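In this chain, numbering begins with 1 at the start of the sequence shown. Being a predicted model, the structure only gives us computed values, none of them experimental. Note: hydrogens, waters and symmetry copies are ignored here, and every other heavy atom, side chains too, is used.
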Amino acid sequence: MAREVALENVRNIGVMAHIDAGKTTTTERILFYTGRVHRPGDVDDGATQMDYMEQERERGITIQSAATTCTWRDHQINVIDTPGHVDFTAEVERSLRVLDGAVAVFCGVGGVEPQSETVWRQADRYEVPRIAFINKMDRLGADFAAAVQSMVDRLSANPVPLALPIGVEDTFKGAIDLLKMEARIEREDDLGATFETAMIPAEMAEEAELARAEMIEALAEVDEELMELFLEEKEPTIEQVTAAIRRATLAGEIVPVFCGSALKNKGVQKLLDGIVDYLPSPLDRPAITGSGRDGGEEQTREPGDDEPFSALAFKILADPFAGRLAFLRVYSGKLDAGKTVLNVNTGKRERINRLLRMHADKREDLKEARAGDIVAAVGFKEIRTGDTLTVQEHPLLLEAMDFAEPVIYMAIEPKTKADQDKLGDALQSMADEDPSFQVRLDPDSGQTVIWGMGELHLEIMVDRLQREHRVAANVGRPQVAYRETVTTEVRQRGHFERDLAGKTNFAEVELTLAPGDYGTGNTFVNELTKDVIPAEFVPFIENSAKQACETGVLAGYPLVDVSIRLTGGKFEEGESTEMGFRNAAVGALWDGAKSAKPVLLEPVMAVEISVPAEFLGDVTGHLNSRRGRVMGMEQRKSDQIVQAVVPLVEMFGYATQLRSLTQGRGVFSMQLSRYEKVPEKIAVEIMRLHAGA
């Protein structure tokens with residue numbers, strides 16, 4: 001089976017939001033109204049199509065992004081439903097990397113919430129045009145205007161409402177279409193599949209006229225064609241307004257806003273119209289650019305079938321029946337099942353045994369994949385997230401995908417000898433699937449250590465290890481991933497001289513270490529102005545110095561944000577060797593770091609807590625006892641919203657304590673803010689424990 005629609009009628013979109021905003025419910029309604037399923041699934045019942053993992057259905061959350069394809073108004077829509085929990089943000093990251101547009105779902109009560117901000121910034125980074133859906137308008141406390149304003153205040157977005165809710169909370173029954181100026185009421189007896197149009201309620205006529213005028217004015221500010229009509233005081237046609245909205249959305253100038261209640265089957269069909277009318281096709285997105293495999297001249301590929309084939313593997317999935325599935329976004333050209341492609345990253349040729357169109361965990365075979373398609377491929381012997389696939393004759397290396405470093409870890413060991421043989425393979429398989437999940441061997445203890453983005457992330461991975469891979473394991477307590485850095489500039493000389501197998505290995509290296517800017521990583525600059533050290537040895541010095549930063553000098557945690565400058569050294573003809581310069585660089589780095597007033601750093605989380613006002617004092621007092629700093633407070637309906645920063649180590653078990661403090665009525669979310677210096681008293685204790693380990 002091949003794609004049946006033209007490329008301009010393809011939409012590759014993601015559904016993204018904060019946890020519990022209703023992403024999966026919205027996606028389920030999209031599948032229902034497009035005829036992809038006969039009845040929409042319910043998150044609370046654990047019966048959704050897109051959340052198919054056991055852990056997802058048990059917990060009512062999305063853990064893995066899931067792909068599907070549906071059709072609306074003769075357009076093919078490839079949908080990826082992404083997680084909302086911060087621990088699984090890597091799933092959002094890699095989805096947005098390959099998508100052309102996105103639907104941001106916001107809760108009508110909470111508006112923009114912390115993880116909403118995170119995914120919005122991710123979409124900003126990839127310049128993904130998006131539309132917004134204010135969901136849960138039937139909920140107690142829903143406020144459409146406040147939710148739209150929160151997009152301005154917290155996202156610096158330019159939201160333009162295209163609809164107004166009719167009623168609110170338990171009186172919510174539909175929406176006013178501000179383009180057609182008519183009311184739209186979905187029928188309840190067929191789950192909103194059909195609807196009635198009616199005149200705008202008399203009590204809302206003035207409000208609707210004002211909202212439409214504001215919509216036209218907002219569009220005129222960013223669209224020249226509409227501005228001309230606006231200045232000439234001409235009333236634009238629906239077609240002219242629709243075209244202006246599309247142009248402004250594709251340019252990132254505005255965010256069209258819809259409203260509804262996915263659970264109550266209201267507003268989703270209008271959202272589907274918005275996806276087709278305003279979000280881009282692959283032809284509306286810039287041509288992809290990449291380099292030759294060896295960093296050669298930049299090349300461009302247009303999104304057409306007649307271009308050389310190129311695709312990006314954005315997700316790897318271990319399938320118990322098909323083996324390793326690689327999800328591909330095809331950017332140019334065609335790929336036939338059974339053909340061979342080049343993995344540009346590894347330089348190896350791979351045969352594609354099967355091409356599949358995915359519907360969550362179900363699939364159908366395809367004969368070919370064309371430009372703009374999102375498909376899964378089977379047959380790879382070696383492939384990783386972010387690898388580029390092309391035809392052999394026209395290699396093109398696309399930009400790599402970057403993921404946040406994990407902030408928490410725990411030791412893991414097999415329960416039995418039988419489990420020991422399976423543990424390594426199972427962990428490696430899960431690490432291949434999830435770039436934010438890492439497996440390392442502790443060089444001091446010899447233990448296997450797993451790293452993740454949070455307690456829930458590691459808990460889910462251990463659960464999957466036992467259920468999917470049938471490996472029983474014992475795990476230690478979660479530990480915080482501390483880091484180290486230097487606080488002052490130091491110049492340090494490293495000397496190495498040793499006879500091995502009758503050959504002298506000599507080198508001297510002088511490094512200047514200094515604090516770098518936060519988040520810049522470890523940088524290296526060669527400042528030698530003359531041939532003090534031959535140029536061919538400099539890369540060995542750089543690599544060895546950076547590798548030495550992987551183990552710090554206080555408690556063995558990685559050294560970060562260190563500026564390393566090569567400022568001197570000594571070379572002896574016939575005696576200086578690669579090994580000599582490597583060892584001299586390591587010695588200079590470690591000795592210099594010890595002298596540069598090193599400090600321990602800890603991950604500090606941005607925490608947002610929603611609590612009833614009567615518990616505010618208890619909650620803020622408790623935060624202070626956990627070394628938290630309250631950064632701000634605001635009232636949202638009847639609740640108080642507390643914004644704070646708290647060290648991650650102090651947040652272990654916080655959910656249970658917050659429930660206890662608030663009689664089960666408080667909720668919180670958190671995400672990594674930055675790394676900060678550990679207080680000296682606590683740092684001494686951490687170093688003491690490390691020394692005794």
Do we get R483 above Y675's six-membered ring, with its NZ or CZ under 6.0 Å from the centre and within 45° of the axis?
yes
So for atom CD, which belongs to Q466, do other residues, nucleotides or ligands contribute more than 12 heavy atoms lying within a distance under 6.0 Å?
yes
With side chains defined as the heavy atoms from C-beta onward, is the minimum distance between V268 and Y33 less than 4.5 Å?
yes
Is any side-chain heavy atom of F314 closer than 4.5 Å to one of I80?
yes
D284 and S281: side-chain donor and acceptor closer than 3.5 Å?
yes
NZ or CZ of R440 within 45° of Y409 ring axis and under 6.0 Å:
no
Side chains of I245 and L219 in contact at under 4.5 Å (non-hydrogen atoms):
yes
Within 6.0 angstrom of R384 CZ, more than 12 heavy atoms from elsewhere:
no
Carboxylate-amine/guanidinium proximity below 4.0 Å for R125 and E93:
yes
Do NZ/NE/NH1/NH2 and the carboxylate oxygens of E608 and R154 come within less than 4.0 Å?
yes
Can a salt bridge be assigned to the pair E364 and R36 using a cut-off of 4.0 Å between side-chain N and carboxylate O?
yes
In short, G379 meets N353 closest at the heavy-atom pair CA-ND2, 3.4 Å
Quick check: do L162 and M215 have side-chain heavy atoms less than 4.5 Å from each other?
yes
Any carboxylate oxygen within less than 4.0 angstrom of a Lys/Arg side-chain nitrogen, looking at K136 and D20?
no
Is there side-chain contact between H18 and S669, with heavy atoms separated by less than 4.5 Å?
yes
If you measure only the distance, is there a donor-acceptor pair under 3.5 Å linking the side chains of T242 and D277?
no
Answer yes or no: is there a side-chain heavy-atom contact under 4.5 Å between R370 and V330?
no
Checking side chain to side chain contact (heavy atoms under 4.5 Å, CB included) for the pair M410/I450: CA distance, chi angles, key distance, verdict?
CA-CA 6 Å; M410 63 169 60; I450 55 175; 3.6 Å; yes
So, for P303 and L7, which heavy atoms are closest and what is the spacing to 0.1 Å?
O-CD2, 2.9 Å
Does the side chain of Q269 come under 3.5 Å of the side chain of D273 through a donor N or O and an acceptor N or O?
no
Closest non-hydrogen contact found for A311 with L398 is O-CD1, 4.4 Å
Check: E468 and M430 side chains under 4.5 Å, non-hydrogen atoms:
no
Salt-bridge criterion met for E253 and R247 (N-O under 4.0 Å):
no
For A481 and P603, the nearest pair of non-hydrogen atoms, with its separation, is O-CD, 3.7 Å
Please name the pair of heavy atoms, one in P395 and one in Q299, separated by the smallest distance, quoted to 0.1 Å.
O-NE2, 3.5 Å
So does D373 pair up with K334, basic N to acidic O under 4.0 Å?
no
With sequence neighbours excluded, residues passing side chain to side chain donor-acceptor pair (under 3.5 Å) with W451
none
Looking at Q76 and T69, would you say the former's side chain and the latter's main chain have a donor-acceptor pair under 3.5 Å?
no
Quick one: sort the F106 and W120 rings into parallel, tilted or perpendicular, breaks at 30° and 60°.
tilted
So that I can tick it off, tell me whether E433 and R464 are bridged by a salt bridge, with the cut-off set at under 4.0 angstrom between side-chain N and carboxylate O.
yes
